[in-house]
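One structure is given here, and the rest of the page talks about it.
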Amino acid sequence: GKRNAMPADCSVPGKVHFGYFFGWDTPFHALAHREWDPALAAGNLDVVFAGQQSTGLVPYMINDELAALSLPGMTQPPVQGFVAGEIATAGGAKDTAWLAAMYGKGNDYLRYWARNRDTDKDGLYEYASGFETGWDDTPRYHCKGTSNLCLNEVTTIDALDLNAWIYLYYGFMARAAALLGKSGEVAGWEEKAQTLAENIDEKMWDGDAGCY
């Protein structure tokens, strides 16, 4: 339930060990909530973005005071755009004030990714470490042992899943801009999506292996 600095009710992964709001867990919960409680679904994203920092970063996790509890500069996969689109669609896109808030905060978040997560400037995005991927101790990022605190720097790895999430985010931004009457901004988001899709196909597809 809403308390302290929380702007809305919100869900957590577990009351005992994981009583916090995470960058991607909490939006994923909203996908289910929208089936029977659209207000709670929207509230999940409201809380996640209430902790957004002045740089545009959405912290890895926050508490009910909206304080970031993870390492500085750490976020999680940017699933919020895809989820916001699903919530808006389920509600008939009637809550334009909420949609406008998601659009504005999404714009700031995407700028953070553009400034900080394409270190080699090849048009594809990288996670800062295995810890940031949301996959915890995945071996794809040289994470060994049982700890999910995989802090090995992996900025040389263009991550397919990350780039797919950002592509979906651009698509949401284009649709939201159209619904909000920001017709002059639609083409820009569509162009970003198209350019990223082309980069993914050109640079990440392995024809010999038959996979990305």
Do [X] and [Y] come within less than 4.5 Å of each other through their side chains, counting heavy atoms only?
{"X": "F21", "Y": "M6", "value": "yes"}
{"X": "I200", "Y": "Y212", "value": "yes"}
{"X": "L160", "Y": "W205", "value": "no"}
{"X": "C10", "Y": "T26", "value": "yes"}
{"X": "P78", "Y": "L162", "value": "yes"}
{"X": "P7", "Y": "K2", "value": "no"}
{"X": "D25", "Y": "Y20", "value": "no"}

For E185, enumerate each residue passing the side-chain hydrogen bond (donor to acceptor under 3.5 Å, both in side chains) test, keeping only those at least two apart in sequence or located in another chain.
Y103
Identify, with sequence neighbours excluded, every residue that meets side-chain hydrogen bond (donor to acceptor under 3.5 Å, both in side chains) alongside N199.
K203
Reported [atom1]-to-[atom2] distance for the pair [X] and [Y], which is rounded to 0.5 angstrom:
{"X": "M173", "Y": "L168", "atom1": "CE", "atom2": "CG", "result": "13.5 Å"}
{"X": "L180", "Y": "M102", "atom1": "CG", "atom2": "CE", "result": "11.5 Å"}
{"X": "L179", "Y": "R175", "atom1": "CG", "atom2": "CZ", "result": "9.0 Å"}

Considering all heavy atoms of both residues, which atom of [X] and which atom of [Y] are nearest to each other, and what is their separation?
{"X": "V12", "Y": "G19", "answer": "CG1-C, 3.7 Å"}
{"X": "W165", "Y": "P77", "answer": "CD1-CB, 4.1 Å"}
{"X": "S129", "Y": "M74", "answer": "OG-CE, 3.3 Å"}
{"X": "D118", "Y": "G123", "answer": "OD2-N, 3.1 Å"}
{"X": "Y169", "Y": "Q80", "answer": "OH-CB, 3.8 Å"}
{"X": "G73", "Y": "E132", "answer": "O-OE2, 3.7 Å"}

Could you pull out every donor-acceptor pair under 3.5 Å between side chains of residues 84-94 and any protein atom, sequence neighbours left out?
unit_1	atom_1	unit_2	atom_2	d
E86	OE1	R34	NH2	3.4
T89	OG1	G85	O	2.8

Same cluster for [X] and [Y] if Ile/Leu/Val/Met/Phe/Trp/Tyr side chains link at under 4.5 Å?
{"X": "W98", "Y": "F82", "result": "yes"}
{"X": "L45", "Y": "V47", "result": "no"}
{"X": "Y112", "Y": "W189", "result": "no"}
{"X": "L99", "Y": "V186", "result": "no"}

Output every pair passing salt bridge (Lys or Arg N to Asp or Glu O under 4.0 Å) with a member in residues 51-80, not counting sequence neighbours, ordered by first then second residue.
R3-D64
Is there a donor-acceptor pair under 3.5 Å between the side chain of [X] and the backbone N or O of [Y]?
{"X": "Q53", "Y": "L57", "value": "no"}
{"X": "D206", "Y": "G210", "value": "no"}
{"X": "N163", "Y": "Y125", "value": "yes"}

Could you go step by step and tell me if E126 and D120 meet the side-chain contact (heavy atoms from CB on, under 4.5 Å) rule?
CA-CA 9 Å; E126 318 108 0; D120 56 4; 3.0 Å; yes
Between E198 and Q194, does any side-chain donor sit less than 3.5 Å from a side-chain acceptor?
yes
Sequence-distant partners of Y167, side-chain contact (heavy atoms from CB on, under 4.5 Å), two or more places apart
A193, L196, A197
Of Y109, W113, Y127, the residue whose pairing with T75 passes side chain to side chain donor-acceptor pair (under 3.5 Å)
Y109
Not counting sequence neighbours, which residues clear ring pair (Phe, Tyr, Trp, His ring centres under 6.0 Å) with H33? List them please.
W36
Please assess F22 against F28 for the test ring pair (Phe, Tyr, Trp, His ring centres under 6.0 Å), listing each intermediate value before the final yes or no.
CA-CA 10 Å; F22 290 79; F28 280 149; over 10 Å; no
